[in-house]
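Taking it in order: structure first as structure tokens, then the write-up.
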Amino acid sequence: KDLWSSYNFHVDQFNDYVRINRELRALDLKKNLELKVQLCERTEELDKESNVVAAFKTLQKFHTRWREIGPVPRADRDEIWERFKKATSLINRKHQEYHARMKESLHENLEKKARLCEQVEAIAAESYASHSEWSEKTQEILGIQKTWKTIGYAPKKDNNAIYARFRKACDQFFGAKASFYSGAREEQQANLVKKREI
């Protein structure tokens, strides 16, 4: 009788643990579902974010959080995943479109910078005989340099090369200008000596 009572006591205790475990598991799954619903809502809100890169970075954090949360009730598993996946695909598409536009604008910037290089190279290739010509061309070069600064980056692989080309053309112009004025000073000094002798 004692053995039977002891056995029944332990069976009841075991069943209580199993029931509690099931209840806790159900609560855990329910809590995970609530957290994933909140995460879906926050991911859907990201679609309104104007900064596409920031939205994409936040989305990566949300994916990490999604994996950390854990399982949801089997009945809700597919539906909640589809909702999250749909919101994710919207952000990913925006991010891809943004990068496609950026790539296009980088190539446009490269073309604009190449045209500016050609202008400076053409000016630097000429020789000028008077102060007014040098002054006029200097203003033109300074204007082109100002325009250069307003243009964004070129593609990464071309950016340094196009800048080096532009810098070289500008240096060539200003080097020739310095030589002209240096020669003009020497000529003025020689004329001064001659006038003193006279």
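If you're wondering where the values come from, they're calculated on a predicted model, not measured in any experiment.
In this structure, CD on Glu108 lies 11.0 Å from CG on Leu110, to the nearest 0.5 angstrom. Note that OH of Tyr153 and CG of Leu106 are 11.0 Å apart. Values are rounded to the nearest 0.5 Å. Between Arg42 atom CZ and Thr58 atom OG1 the span is 9.0 Å, to the nearest 0.5 Å. For the atom pair CG of Leu35 and CD1 of Ile69, the computed distance is 5.0 Å after rounding to the nearest 0.5 Å. For the atom pair Lys36 NZ and Leu33 CG, the distance stands at 9.0 Å (nearest 0.5 Å). For the atom pair NZ (Lys57) and CD (Gln60), the distance works out to 10.5 Å, reported to the nearest 0.5 Å.
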Start with the C-alpha distance between Glu97 and Lys94, add both sets of side-chain angles, then the distance that settles salt bridge (Lys or Arg N to Asp or Glu O under 4.0 Å), and finish with yes or no. CA-CA 5 Å; Glu97 288 167 1; Lys94 277 187 173 182; over 6 Å; no
Exercise for review: Decide side-chain contact (heavy atoms from CB on, under 4.5 Å) for Ile80 and Trp66; before the verdict, give the C-alpha distance in whole Å, the side-chain angles of both, and the deciding distance to 0.1 Å.
Suggested key: CA-CA 11 Å; Ile80 194 74; Trp66 180 274; 3.8 Å; yes
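Minimum interatomic distance between Ala124 and Ala169 (heavy atoms only, all atoms of both residues): CB-O, 3.7 Å. What you find for Leu142 and Phe174 is that their closest heavy atoms are CD2-CZ, 4.3 Å. Across all non-hydrogen atoms, the minimal contact from Ala55 to Leu46 is O-CD1, 3.7 Å.
Taking the side chain to side chain donor-acceptor pair (under 3.5 Å) definition, one finds that Lys177 meets it with Thr138, sequence neighbours left out. In this view, Glu82 and Lys85 satisfy the side-chain contact (heavy atoms from CB on, under 4.5 Å) rule, not counting sequence neighbours. Residues passing the side chain to side chain donor-acceptor pair (under 3.5 Å) test with His107, sequence neighbours excluded: none. Residues satisfying the side chain to side chain donor-acceptor pair (under 3.5 Å) test with Gln96, not counting sequence neighbours, are none. With sequence neighbours excluded, the residues satisfying ring-ring contact (aromatic ring centres under 6.0 Å, His included) with Tyr7 are Trp4. When the salt bridge (charged side-chain N to carboxylate O under 4.0 Å, His left out) test is applied to Glu111, no partner is found at least two apart in sequence or on another chain. For Leu29, the side-chain contact (heavy atoms from CB on, under 4.5 Å) partners at least two apart in sequence or on another chain are Arg25, Pro71, Pro73. Contacts of Trp148 classified as ring-ring contact (aromatic ring centres under 6.0 Å, His included), with partners at least two apart in sequence or in another chain: Phe166. Not counting sequence neighbours, Glu79 has no partner by the side-chain contact (heavy atoms from CB on, under 4.5 Å) test. Tyr98 meets the side-chain contact (heavy atoms from CB on, under 4.5 Å) test with Val52, Val53, Arg101, Met102; sequence neighbours excluded. Scanning for side chain to side chain donor-acceptor pair (under 3.5 Å) contacts around Thr88 gives His63, with sequence neighbours left out. Under the ring-ring contact (aromatic ring centres under 6.0 Å, His included) criterion, Tyr128 pairs with Trp134, sequence neighbours left out.
Hydrophobic clustering (ILVMFWY, side-chain heavy atoms < 4.5 Å, transitive): Phe56 and Phe62 are in distinct clusters. Phe84 and Leu90 sit in two unconnected hydrophobic clusters of ILVMFWY residues. Membership requires side-chain heavy atoms under 4.5 Å apart, directly or through other members.
Side chain of Gln172 to main chain of Lys168: no donor-acceptor pair is present (N/O by atom type, distance under 3.5 Å, no hydrogens or angles). Ser6 places no side-chain N or O within 3.5 Å of a backbone atom of Asp2 that could act as its donor or acceptor partner. Between the Asn32 side chain and the Val72 main chain, no donor and acceptor come within less than 3.5 Å of each other.
Around CZ of Arg167, the count of heavy atoms belonging to other residues, nucleotides or ligands within 6.0 Å exceeds 12. Counting heavy-atom neighbours within 6.0 Å of Leu3 CG, excluding the residue itself, gives a total of 12 or less.
Ring-plane geometry between His99 and His95 is classed as perpendicular, the angle between the planes exceeding 60 degrees on a 0 to 90 degree scale with a lower cut at 30.
Using a 4.5 Å cut-off on side-chain heavy atoms (C-beta onward), Arg165 and Glu118 make contact. You'll find the side chain of Gln145 reaches within 4.5 Å of the side chain of Ile141, heavy atoms only.
Remark: aromatic rings of His131 and Tyr181 are close, center separation under 6.0 Å.
The pair Glu44-Arg83 meets the salt-bridge criterion, since a charged nitrogen lies less than 4.0 angstrom from a carboxylate oxygen. Salt-bridge check for Lys113 with Asp158: failed, with every basic side-chain N at 4.0 Å or more from each acidic carboxylate O. Under the 4.0 Å criterion applied to side-chain N and carboxylate O atoms, Lys137 and Glu140 are assigned as salt-bridge partners. At a threshold of 4.0 Å, the pair Lys48-Glu45 counts as salt-bridged, since one of the basic side-chain nitrogens sits closer than that to a carboxylate oxygen.
For the side chain to side chain contact (heavy atoms under 4.5 Å, CB included) test with Lys112, the passing option among Ile162, Thr147, Ile151 is Ile151; the others fail.
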